[in-house]
Amino acid sequence: MRSGLGLRFVRELEQGKETVRLDKVNQALGMFGKEAVPGDRKES
C-alpha cells in the first residue's frame, strides 16, 4: 500500500517476472532509496 503499487505487480516482481515496467520497479525501489537503470548487468 505504501508504495502505491498494486498487489499483483508486487507479487509478480517478487516472483521474478521477466517483463515489468521500469517506472513501477523504480517506484517500489524508491521506498528504499534505490533506483534501477536500464543496461547490462556488471559482474563484480
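One is the number of the first residue; the rest follow in order along the sequence. Because the structure is predicted, anything quoted here is derived from the model rather than measured.
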J.: Can you pull the salt bridge (Lys or Arg N to Asp or Glu O under 4.0 Å) pairs that have at least one residue in residues 22-34, sequence neighbours excluded?
T.: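 Residue pairs with at least one partner in residues 22-34: R21-D23.
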J.: On a heavy-atom basis, which atom in V20 and which in F9 lie closest, and how many Å separate them?
T.: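 Taking V20 first and F9 second, the nearest heavy atoms are CB-CE1, 4.0 Å.
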J.: Given side-chain contact (heavy atoms from CB on, under 4.5 Å), test L13 with K17 step by step and report yes or no.
T.: CA-CA 6 Å; L13 183 61; K17 183 177 178 186; over 6 Å; no
J.: Which heavy atom in A36 sits nearest to a heavy atom in N26, and how many Å separate them?
T.: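 Closest approach of A36 to N26, heavy atoms only: N-OD1, 2.6 Å.
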J.: Can you name the side chain to side chain contact (heavy atoms under 4.5 Å, CB included) partners of R8, sequence neighbours left out?
T.: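 Side chain to side chain contact (heavy atoms under 4.5 Å, CB included) check on R8 returns E12.
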J.: Kindly compute the distance separating CG (L29) from CD (E35), expressed to the nearest 0.5 Å.
T.: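 Spacing of CG (L29) from CD (E35) equals 8.5 Å.
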J.: Under 4.5 Å between side-chain heavy atoms, chaining through other members, with only Ile, Leu, Val, Met, Phe, Trp and Tyr counted: pull out the rest of the cluster around M31, sorted by chain and number.
T.: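 M31 clusters with F32.
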